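For reference, the structure discussed in these notes is given below.
Atoms within a ligand are numbered from 1 in the order they appear, just like the ligands themselves. The structure presented is a predicted model; accordingly, all values stated were derived computationally and were not measured.
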Amino acid sequence: MNQILKVENLTVKIGNKIVLENINLSVNKGEIVAILGPNGGGKTTLIRTCLGFIKPYKGYVELLGTTPKKAVKTGKVGYLPQKSATPKNFPFSALDVVLLGLINKKLPKEKKIEIAKKYISFVGMSGFEDYPFSQLSGGQQQRISIARLLVAEPEIIFLDEPATGVDVVAQEGFYQFLRRLKEEKNITILMVSHDIGVVGTFVDKVAGLNKKLHYYGEPKGFFQKHILEELYGAEVKLLIHSPECISCEYFYVDTPTSKKDI
Ligand SMILES: Nc1ncnc2c1ncn2[C@@H]1O[C@H](COP(=O)(O)OP(=O)(O)OP(=O)(O)O)[C@@H](O)[C@H]1O
Ligand SMILES: [Mg+2]
C-alpha cells in the first residue's frame, strides 16, 4: 500500500487545552477519508496540523513522505478551508478564482487560461467562467474553489466541510463528483463533514474524532450505536429507512456541542 499520510501519537495543545489526544491514522494513495465528529471535536485542528500550520505537542505527521511544511511547499497539497461567506463585492470572476491556483506557475497567460478552463469543465462549471464568483450558489462556489485546487495538480487535497451550503439533493452529486476525482485523477481526499448518513456510501474510511480518535476504518463499522454515542456524547437513534438505501439508513439526534467538554 502506498501510504501518503501518517499521523503518529499526535497530541495537540491550543493554549493549555488538549484539543487532540494521541491520534494515530494512516491514509493510502487514492483513498477518500471523511473526518466526522461534533462541533469543537478538533476536525479543523487535525487538518491544519497535517498541513503544518499547527505544531504538534507530542507525536508527528508525515505527509508525502516528508514533514507537512516541506510537503506543502512542493505544491502537491491542496487545502480548501472551512467556508466563510464570500463578500458581495468580491471582485473576481469564476475564471479569476481558478487562475489564482496557478499564481506560482511560470506559464504564459494564455496557457494558464487554457488549463483553468479545462478544470472548470472538469468540475461541471463550463459557461460560468465570466460569472462573478460572489453570485454563484454555495455549491457552485465550492466546485470553482476545488477547480482552483486542481489546476496545481495536487496529489492530496484537504477539504474542510466542502458540502456546506450545498442542498441535500445536490450533495449526492457533489460526493459523486469527489469519487470521480479519485477514480479519474487518483487524488487522495481528506474531507471534514457533518453528513454522517450520506458520507457513508461515498468514502473509503471514516475517522470519528472528538479530541480522541474514537473510530478509524471502513464506514460500515462506524454505524454502531455505541460508537456514535461515544463520539457524539448523546443519545443516538438509528433509523432504518430502506434496506437498499444505506445512505439514508442512519441519523443521529440531540448532539450537543463538545466545546464545553474540552
Ligand atoms: N485559535 C484557537 N484558539 C483557541 N482555541 C481554539 C483555537 N482553534 C481551535 N480551538 C479550540 O479547539 C477545539 C477544536 O476546534 P476545531 O475548530 O478544530 O473543531 P472542529 O471539529 O473543526 O469544529 P466545527 O465542527 O465546529 O468546525 C475547540 O474547543 C476550539 O475552541
Ligand atoms: Mg471545523
**Asked** Hey, are K205 and E218 close enough for a salt bridge, meaning a charged N less than 4.0 Å from a carboxylate O?
**Response** no
**Request:** Quick one: name the protein N/O/S atoms under 2.8 Å from the Mg ion (ligand 2), chain by chain.
**Result:** T44 OG1, Q82 OE1
Show the atom names and distances, to 0.1 Å, of all donor-acceptor pairs under 3.5 Å that link a side chain in residues 116-123 to residues at least two apart or in another chain.
from	atom 1	to	atom 2	distance (Å)
Y119	OH	E153	OE2	3.1

**Item:** Contact with ligand 1 for E161, non-hydrogen, under 4.0 angstrom
**Value:** yes
**Message:** Counting only heavy atoms not in Y79 (residues, nucleotides, ligands), do more than 12 fall under 6.0 Å from its OH?
**Reply:** yes
**Asked** Does G15 come within less than 4.0 Å of ligand 1, judged by its heavy atoms?
**Response** no
**Asked** Should you measure from each heavy atom of P38, which atoms of ligand 1 turn up under 4.0 Å away?
**Response** 21 (O)
**Request:** Would you sort out whether D160 and T44 count as a side-chain hydrogen bond (donor to acceptor under 3.5 Å, both in side chains), showing the intermediate values?
**Result:** CA-CA 7 Å; D160 199 343; T44 298; 2.7 Å; yes
**Request:** Give the intermediate values and the outcome of ring pair (Phe, Tyr, Trp, His ring centres under 6.0 Å) for residues F222 and Y215.
**Result:** CA-CA 7 Å; F222 176 73; Y215 180 84; 5.6 Å; yes
**Request:** Please confirm whether G40 comes under 4.0 Å of ligand 1, counting heavy atoms of the residue only.
**Result:** yes
**Asked** Do any nitrogen or oxygen atoms of G42 come within less than 3.5 Å of a nitrogen or oxygen of ligand 1?
**Response** yes
**Request:** Report the part of T44 (side chain from C-beta onward, or backbone N, CA, C, O) that has a heavy atom under 4.0 Å from ligand 1; answer both or neither where that applies.
**Result:** both
**Prompt:** Going through the distances and angles, do F90 and F133 end up as a ring pair (Phe, Tyr, Trp, His ring centres under 6.0 Å)?
**Reply:** CA-CA 7 Å; F90 185 72; F133 181 78; 5.6 Å; yes
Got a list of side-chain donor-acceptor pairs under 3.5 Å for residues 45-58, not counting sequence neighbours?
from	atom 1	to	atom 2	distance (Å)
T49	OG1	T45	O	2.6

**Complete:** Within 4.0 Å of some non-hydrogen atom of T45, the atoms of ligand 1 are 14 (C), 15 (O), 16 (P), 18 (O)
**Request:** Nearest heavy atom to atom 30 (C) of ligand 1 wins, so pick from K17, K211, Q82.
**Result:** K17
**Item:** Heavy atoms of other groups near K112 NZ, more than 12 under 6.0 Å
**Value:** yes
**Item:** Ion pair K111/E114, N-O distance below 4.0 Å
**Value:** yes
**Message:** As an exercise, identify every atom of ligand 1 less than 4.0 angstrom from a heavy atom of V19.
**Reply:** 12 (O), 13 (C), 14 (C)
**Item:** Q142 side chain to P162 backbone, donor-acceptor under 3.5 Å
**Value:** yes
**Prompt:** What residues form a side chain to side chain donor-acceptor pair (under 3.5 Å) with N9, not counting sequence neighbours?
**Reply:** N24
**Message:** Suppose I only count heavy atoms of H194 and a 4.0 Å limit; which atoms of ligand 1 are within that range?
**Reply:** 25 (O)
